[in-house]
There are 2 protein chains.
Amino acid sequence: MELGAFIAENGTSLSREPGQHVFRQGDRNSSLYFLKSGLLKAYYLSADGKEHIKSFILPGNHIGSLMASHAEKSCSFSLVCLRQCNLTMLPFSRLYQAARSDPAISAAVVDLLLSFAMKKEAREYELLCLSAADRYRRLVENTPDLLKLVTQNEIARYLGVTPVGLSRIKKRLAG
Amino acid sequence: MELGAFIAENGTSLSREPGQHVFRQGDRNSSLYFLKSGLLKAYYLSADGKEHIKSFILPGNHIGSLMASHAEKSCSFSLVCLRQCNLTMLPFSRLYQAARSDPAISAAVVDLLLSFAMKKEAREYELLCLSAADRYRRLVENTPDLLKLVTQNEIARYLGVTPVGLSRIKKRLAG
DNA sequence: TCGTGGAATTAACCCAAGTCAAAACCTATG
DNA sequence: CATAGGTTTTGACTTGGGTTAATTCCACGA
């Protein structure tokens with residue numbers, strides 16, 4: 001992958017222990033992160049202290065705050081390690097600069113944004129059209145491996161229900 | 001705007017009457033549409049016949065099915081005119097082709113995808129973290145003009161509640 | 001093997017929102 | 001005006017999920 005090579009060459013490596021943050025909601029962080037190994041959790045913390053999980057990031061995937069990178073705003077979510085993580089960090093600006101002169105990089109950036117947009121669109125669909133029970137069923141079907149990596153507690157907050165709620169949903173589906 | 005000029009030159013114009021579709025859920029349509037005037041509604045129709053509104057498109061904005069354009073899939077939603085519409089249509093492929101040779105176009109495509117991704121991300125946030133009442137309040141604050149353009153019925157399905165539900169929410173907020 | 005702490009389940013209660021159906025309200029048209 | 005259409009509101013009932021707190025389950029280390 002072109003982009004992977006570029007990031008590997010130009011980015012800086014970092015590693016983090018479980019529980020450590022890569023960045024926090026409110027930070028100014030306009031970098032793109034590539035996860036080499038480990039497991040990340042991207043989450044929102046609402047005013048009343050409730051956690052809502054935006055996504056889990058598995059090795060081989062990218063993450064970064066678009067808002068902070070492009071809208072002169074601060075990060076709208078936090079990024080924390082659930083496992084020991086090895087990442088590569090690269091400022092978005094450096095990537096765009098490279099894209100300007102190298103068509104292959106440019107195409108890779110388009111691909112990256114595209115796959116990102118499609119993921120977000122799929123999630124929008126699930127949150128808008130499906131019930132919590134349906135979302136859980138889908139998760140079990142599509143990414144059963146994730147269930148083994150994180151607690152049910154976190155699955156619940158990813159699906160948009162409370163842990164208690166998810167427990168009941170499971171019971172209903174099983175019964 | 002570079003991109004606007006390119007689309008205007010290379011795209012084909014079309015117009016549609018209220019109620020007519022630009023494309024339907026299940027279609028193979030890999031074009032990007034630019035709305036010159038009118039009002040569009042992008043919506044999902046679920047298996048049990050329920051409509052969920054993905055977004056409203058106002059003049060000056062773009063819309064198209066990323067899924068259909070890039071994942072060899074069919075459109076996951078339908079696009080219909082709520083008013084008389086004037087659009088410009090351009091196959092995504094033509095855009096990418098142009099982007100390969102013209103850095104300005106390439107940058108514009110990146111911008112387009114970026115703003116698209118950010119919109120989707122904001123919507124994901126609202127659906128995941130906010131209550132229906134909060135989403136309604138936000139809508140009233142941020143896009144009050146939209147309330148005048150579409151029925152409350154449609155606002156409800158955009159917010160993820162039933163028309164009856166929204167009526168009650170309004171009452172509660174007012175009381 | 002026993003405790004200890006976190007995770008998951010269960011129970012009891014409440015409220016928001018769905019459903020269905022009826023009523024009230026518009027707005028345009030003949 | 002009067003009516004017919006669609007839109008919004010209201011009512012009565014049901015249900016899914018939140019909240020809190022108690023209980024059970026489990027994994028792990030002393």
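By convention in this document, chain letters (A, B, ...) are assigned in the order of the sequence lines, proteins followed by strands, and residues within each chain are numbered from 1.
- Under a 4.0 Å N-O distance rule, the pair Arg24(B)/Asp27(B) does not qualify as a salt bridge.
- When the P atom of dT10(D) is taken as reference, atom CD1 of Ile169(B) falls 14 Å away, rounded to whole Å.
- In this entry the distance linking CG of Asp48(A) with P of dG18(D) reads 13 Å, nearest Å.
- No donor-acceptor contact under 3.5 angstrom links the side chains of Asn29(A) and Ser65(A), judged on distance only.
- When each of dA17(C), dG17(D), dT19(C) is scored by its nearest atom to the side-chain atoms of Val161(A), the top-ranked nucleotide is dG17(D).
- Distance, Leu147(A) CG to dA7(C) P: 16 Å, rounded to whole Å.
- Rounded to whole angstrom, the span from the NZ atom of Lys50(A) across to the C1' atom of dG17(D) amounts to 12 Å.
- With a 6.0 Å radius and a threshold of 12 heavy atoms from other residues, nucleotides or ligands, Lys36(B) has its NZ atom above the threshold.
- Using a 4.0 Å cut-off between charged side-chain N and carboxylate O, Glu51(A) and Lys41(A) make a salt bridge.
- Ring orientation note: the planes of Phe77(B) and Tyr44(B) are nearly perpendicular, at an angle over 60° on the 30°/60° scale.
- A close approach under 4.0 Å does not occur between any side-chain nitrogen or oxygen of Thr162(A) and OP1 or OP2 of dG17(D).
- Each end of the helix from dT1(C)-dA30(D) to dC25(C)-dG6(D) yields a helix axis from five base pairs, and these two axes differ in direction by 30° (to the nearest 10 degrees).
- Ion pairing of Lys148(A) with Asp145(A) is absent here, as no side-chain N (NZ or NE/NH1/NH2) approaches a carboxylate O to less than 4.0 Å.
- If you take CD1 of Ile155(A) and C1' of dA7(C), they are 14 Å apart, rounded to a whole angstrom.
- Across the protein-nucleic acid pair, Lys148(A) atom NZ and dA8(C) atom C1' stand 19 Å apart, rounded to whole Å.
- Rounded to an integer number of Å, the gap from Leu130(B) CG to dA16(C) C1' is 16 Å.
- The list of side-chain hydrogen bond (donor to acceptor under 3.5 Å, both in side chains) pairs with a residue in residues 93-102 of chain B, not counting sequence neighbours, reads His70(B)-Tyr96(B).
- When rounded to the nearest whole Å, the span between CZ of Arg157(A) and C1' of dG18(D) equals 12 Å.
- Between the side chain of Arg83(A) and the main chain of Leu149(A), a donor-acceptor pair closer than 3.5 Å is present.
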Taking protein heavy atoms under 4.0 Å as touching, what does nucleotides 3-9 of chain D look like 5' to 3' if B marks base contact, S marks sugar-phosphate-only contact and - marks none?
-----SS
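- The residue from Lys54(B), Lys120(B), Arg123(B) that alone fulfils the side-chain hydrogen bond (donor to acceptor under 3.5 Å, both in side chains) condition with Glu121(A) is Lys54(B).
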